[in-house]
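Heads up, the thing below is written out as structure tokens.
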Amino acid sequence: MLTGAGLARSWPHDRAHRFFARARWSADDLGLAVARLVVALLVPAGAPVTVAIDDTPFRRHGKKVWAASWFHDGSAPGPAKTGYGNNWVIAAAVVRLPMVSRPVAIPVLAKLVIKGTSSSSRLWLARRMAEAIALRCPAGRSTSWPMLPTPGRN
């Protein structure tokens with residue numbers, strides 16, 4: 001990524017490793033900040049914010065794959081519509097770009113489905129993400145609205 005951004009010579013790669021390995025940050029806060037940016041820059045003022053949800057399983061095998069389980073997979077080949085692996089629920093902001101004739105979905109949040117916990121329901125995770133985006137990215141607002149608390153957090 002540093003090479004693609006033209007930063008390989010001016011920014012040491014170990015700095016990026018340190019950020020992801022040791023820094024304290026929240027994937028939810030980062031995703032919601034990206035969602036606010038996407039809405040502010042790509043959604044016309046007053047237009048509704050459209051959120052698309054996807055929960056396609058990611059096939060993974062092995063004893064060390066955390067939270068892997070059997071999930072329904074409608075896109076699986078053959079008559080058995082199940083697959084083993086991780087199931088990520090993805091929330092994306094749907095926007096129109098001037099250079100593309102069709103709408104584009106920009107992923108902003110992701111949650112891992114973990115069976116046997118409160119995060120086992122794909123619908124519950126999808127609703128939680130859509131509500132968080134709705135609270136932080138209301139239609140017709142400028143980028144100066146205050147940050148609101150995340151639902152379900154203290």
Side-chain angles (χ1 to χ4, degrees), residues 1-2 4-5 7 11 15-61 64-76 81-154:
M1 288 183 350
L2 292 174
L7 298 172
W11 210 60
R15 191 171 167 192
H17 289 281
R18 190 174 333 121
F19 172 76
F20 287 107
R22 295 190 188 107
R24 300 193 87 200
W25 58 287
S26 165
D28 286 347
D29 291 342
L30 178 63
L32 291 169
V34 170
R36 288 182 63 183
L37 185 63
V38 166
V39 169
L41 296 176
L42 300 174
V43 175
V49 177
T50 304
V51 176
I53 303 290
D54 180 50
D55 71 331
T56 304
F58 180 64
R59 294 182 189 188
R60 304 287 295 172
H61 298 281
K64 295 186 179 184
V65 178
W66 188 73
S69 189
W70 287 97
F71 292 99
H72 176 264
D73 184 3
S75 64
K81 297 295 183 186
T82 58
Y84 187 81
N86 293 120
N87 194 356
W88 288 91
V89 179
I90 310 294
V94 180
V95 297
R96 290 203 167 268
L97 300 175
M99 70 289 285
V100 182
S101 61
R102 60 179 176 75
V104 176
I106 300 175
V108 292
L109 290 175
K111 296 284 184 192
L112 180 62
V113 177
I114 305 169
K115 289 198 173 181
T117 69
S118 63
S119 295
S120 64
S121 168
R122 292 176 280 190
L123 186 57
W124 182 80
L125 291 170
R127 179 180 174 177
R128 185 171 162 219
M129 288 188 292
E131 286 175 346
I133 292 169
L135 283 173
R136 284 170 183 74
C137 303
R141 302 272 315 261
S142 69
T143 59
S144 62
W145 63 79
M147 288 296 288
L148 300 171
T150 303
R153 274 196 188 170
N154 292 333

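- For Ala130, the side-chain contact (heavy atoms from CB on, under 4.5 Å) criterion is met by no residue, not counting sequence neighbours.
- Counting only heavy atoms from C-beta outward, the side chains of Val104 and Arg96 never approach each other to under 4.5 Å.
- Of all heavy-atom pairs spanning Cys137 and Val49, the tightest one is O-CG2, 3.3 Å.
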Subject >> Ile53 vs Val89, side chain to side chain contact (heavy atoms under 4.5 Å, CB included): CA-CA, chis, key distance, verdict >> reply: CA-CA 7 Å; Ile53 303 290; Val89 179; 3.8 Å; yes
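- The closest side-chain heavy-atom distance from Val113 to Asp55 is not below 4.5 Å.
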**OP:** Check the pair Val95, Val38 against side chain to side chain contact (heavy atoms under 4.5 Å, CB included), reporting the backbone distance first and the verdict last.
**Re:** CA-CA 8 Å; Val95 297; Val38 166; 3.8 Å; yes
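- Two residues are said to be in side-chain contact when any heavy atoms from C-beta on lie closer than 4.5 Å; Leu109 and Ile133 meet this criterion.
- Checked against side-chain contact (heavy atoms from CB on, under 4.5 Å), Pro107 has the following partners two or more places apart in sequence or in another chain: Ile90.
- Considering only heavy atoms from C-beta on, Ile106 comes within 4.5 Å of Leu42 through its side chain.
- Between Trp88 and Asp54 the shortest side-chain heavy-atom distance does not fall below 4.5 Å.
- Annotation: salt bridge (charged side-chain N to carboxylate O under 4.0 Å, His left out) contacts involving residues 84-95, sequence neighbours excluded, are absent.
- Scanning for side-chain contact (heavy atoms from CB on, under 4.5 Å) contacts around Leu30 gives Trp25, with sequence neighbours left out.
- One distance of note links CE of Met129 with CG of Leu125; it measures 6.0 Å at 0.5 Å rounding.
- For residues 101-115, the set of pairs meeting the side-chain hydrogen bond (donor to acceptor under 3.5 Å, both in side chains) definition, not counting sequence neighbours, comprises Asp28-Lys111.
- Proximity of Val108 to Leu32: side-chain heavy atoms (C-beta onward) are nowhere separated by under 4.5 Å.
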Original post:
How far apart are the C-alpha atoms of Asn86 and Trp66, what are their side-chain angles, what is the distance that settles it, and do they pass the side chain to side chain contact (heavy atoms under 4.5 Å, CB included) test?
Top reply: CA-CA 8 Å; Asn86 293 120; Trp66 188 73; 5.9 Å; no
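- Separating the CG atom in Asn87 from the CZ atom in Arg122 is a distance of 5.0 Å, to the nearest 0.5 Å.
- Scored by the side-chain contact (heavy atoms from CB on, under 4.5 Å) test, Leu37 finds Leu41 as partners (sequence neighbours excluded).
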